Amino acid sequence: MLNCSSTILCAICRRGATGRFSLVRKASDSSRAWRSENCVAENPDACPVVKPTVPSRPADDYIQYSETNLLQDKPVAPCILESGDSGKSVKEESTQSKQIPNGWILAKKQGTVFSEYLALGKIRLTSLVAISTMGGFAMAPVTFDFSLFCLSSTGVLFTSMCANSINQFLEAPYDAQMSRTQNRPLVKRSVTPGRALVFSVISGIAGIGTLYHFCNPLTAALGAFNIFLYAGCYTPMKRMNIGNTWLGSIVGAIPPLMGWTAATGSFCPVGVIMPLVLYSWQFAHFNSLSWNLRADYSRAGYQMMSVTDPALSKRVALRHCALLFPICWAAPITGLTTYQFAFDSTILNGIFTYFGWRFYRDGDSQSARDLFRFSLFYLPLVIGLMLSSKITAPS
């Protein structure tokens, strides 16, 4: 296992491709070991398994990930696709990549240096983290300080980019096996591992330093703790136990709490209401997302609920959709918002729970896709409703 990891990391550390494109192994071709879609759950041992083969290397500067790159510490239970849904997640390829012969794909054109480092920090996810921090700050029952608002959001943005870049550094060999992640900077070698580490260190220092000097030590401590939790605990746990989803939800719930502490300078029980909304929202959001990526996650050896226990994945998603009702009702009860929010959030949570119930009942690609898409609208809507119903702090 150690030798295998060293081989892959050495391959990633090699000189970047001289051209504007790079080639990586196709993540979901027929040469990968994958159980037939016609297999039945009652007799999984009868399912044929195709031995992975290694295509010929097209050029010296191109990356080749051989069968040793599977790097699975423990076998992951195969995903049995239901009727009407079989093969969809396996056959869905990146529409942004052009297929070429011999099981290789032409990766997306490398962008500017700035855009590659933004991708290394997962800028879209980081932006969502920063927005949730802004929501937590704005909900605090204190006089709004715009400069502190901007500084706290900037500090959280840098800490998030730090954690995400460390995550990509650690998962580069596995990202190369997944269609969803095969165009990440470290896989394409548009950013070297050494520079990725330097970027993560600079981002971490900038983020924690900003939160410490301009906000308060409590918020800086929460930022440092979240980096450790995401990069040091959640990332390796993804390949060990399905409990990684619960741990990852805690990571996602901390940024709005950081916004609250940045504004107030202290922790208050009322301040956990928005973090709890984020916590429960993530189960419906991620479980529906991972449902159509089961083949990818299984191939890379990730222990996800949708792969190892699909029934549990559906139950947990529905359960946390329903939990959003009492969490949102707690806001007016504690005096954080008016009771208008209780009425508005009930309608929104009812729609969310309906999509969660459909996902639980059908468990197919369409119901998972519908739940995921609505989850993207749900979060900004519920935060917006909470802000519009906030009880204004006294001058």
Side-chain angles (χ1 to χ4, degrees), residues 127-146 148-149 152-153 156 215-216 218-219 222-223 226 245-246 248-288 316-357 371 374-395:
S127 298
L128 182 61
V129 170
I131 291 172
S132 66
T133 304
M134 295 175 187
F137 187 100
M139 283 304 300
V142 295
T143 304
F144 187 81
D145 185 333
F146 182 73
L148 187 60
F149 172 79
S152 62
S153 302
V156 172
C215 298
N216 51 69
L218 175 60
T219 307
L222 284 173
N226 221 23
T245 305
W246 281 265
S249 296
I250 295 175
V251 173
I254 290 178
L257 181 61
M258 293 172 66
W260 180 283
T261 60
T264 64
S266 62
F267 173 80
C268 176
V270 180
V272 304
I273 293 178
M274 186 177 287
L276 286 176
V277 170
L278 268 291
Y279 177 79
S280 286
W281 168 83
Q282 287 176 93
F283 287 96
H285 174 77
F286 180 74
N287 285 12
S288 58
V316 168
L318 177 60
R319 183 183 307 152
H320 281 274
C321 286
L323 278 175
L324 286 167
F325 283 100
I327 293 173
C328 290
W329 292 338
I333 292 174
T334 57
L336 186 63
T337 66
T338 64
Y339 277 89
Q340 181 65 38
F341 176 69
F343 175 78
D344 295 338
S345 65
T346 297
I347 297 175
L348 190 60
N349 289 331
I351 300 173
F352 201 23
T353 302
Y354 166 73
F355 283 112
W357 174 77
L371 177 59
F374 186 77
S375 72
L376 297 176
F377 291 101
Y378 175 88
L379 191 60
L381 283 174
V382 74
I383 292 178
L385 289 172
M386 189 177 290
L387 290 172
S388 64
S389 303
K390 173 190 172 183
I391 296 178
T392 306
S395 302

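The basis for the numbers below is simple: all heavy atoms, side chains too, and nothing from hydrogens, waters or symmetry mates. What you see is a predicted model; the values in this text were computed from it and never measured. Residue numbers count from 1 along this sequence.
The shortest side-chain heavy-atom distance between L148 and C215 falls under the 4.5 Å cut-off. Residues V316 and W246 are in side-chain contact: their nearest non-hydrogen atoms beyond the backbone lie under 4.5 Å apart. For the pair S249/F283, a side-chain contact is recorded, criterion being any heavy-atom separation below 4.5 Å from C-beta on. Residues N226 and P255 form a side-chain contact, since some pair of their non-hydrogen atoms from C-beta on lies under 4.5 Å apart. In this structure the side chain of I391 never reaches within 4.5 angstrom of the side chain of L336, judged on heavy atoms. With contacts defined as side-chain heavy-atom distances shorter than 4.5 Å, the pair H320/Y279 qualifies. Using a 4.5 Å heavy-atom cutoff, the side chains of F374 and L348 are in contact.
Of all non-hydrogen atoms in A253 and L278, the two that sit nearest each other are CA-CB, 4.2 Å. The shortest heavy-atom contact between S280 and I327 is OG-CD1, 3.6 Å. Pairing each heavy atom of C321 with each of T353, the nearest pair is O-OG1, 3.4 Å. In terms of heavy atoms, P326 sits closest to A322 at CD-O, 3.4 Å.
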message = I'd like to know whether F352 forms a side-chain contact (heavy atoms from CB on, under 4.5 Å) with V382, so could you lay out the CA-CA distance, the side-chain angles of the two residues, the decisive distance to 0.1 Å, and finally the verdict.
response = CA-CA 11 Å; F352 201 23; V382 74; over 6 Å; no
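Heavy-atom contacts from other residues, nucleotides or ligands closer than 6.0 Å to CZ of F144 number more than 12.
Inspection of the T219 and T261 side chains reveals an N or O donor paired with an N or O acceptor under 3.5 Å. Under the 3.5 Å distance criterion, with hydrogens and angles disregarded, no donor-acceptor pair is assigned to the side chains of S345 and W329.
Here the straight-line distance linking atom OG1 of T346 with atom CG of L324 works out to 11.0 Å at 0.5 Å rounding. The CD1 atom of I383 sits 9.5 Å away from the OH atom of Y378 when rounded to the nearest 0.5 Å. Residue I250 holds its CD1 atom at 11.5 Å from OG1 of T245, rounded to the nearest 0.5 Å. Taking CD of Q282 as the start and OG of S375 as the end, the distance is 10.5 Å to the nearest 0.5 Å. To the nearest 0.5 Å, atoms NZ (K390) and OG1 (T338) are separated by 12.5 Å. Residue L379 holds its CG atom at 8.5 Å from CD1 of I131, rounded to the nearest 0.5 Å.
No donor-acceptor distance shorter than 3.5 angstrom exists from the side chain of W260 to the backbone of M139, with no hydrogens or angles considered. Listed for the Q340 side chain is no donor-acceptor partner under 3.5 Å among the backbone atoms of S389.
Under the side-chain contact (heavy atoms from CB on, under 4.5 Å) criterion, F267 pairs with L257, V272, sequence neighbours left out. With sequence neighbours left out, T337 forms a side chain to side chain donor-acceptor pair (under 3.5 Å) with no residue at all.
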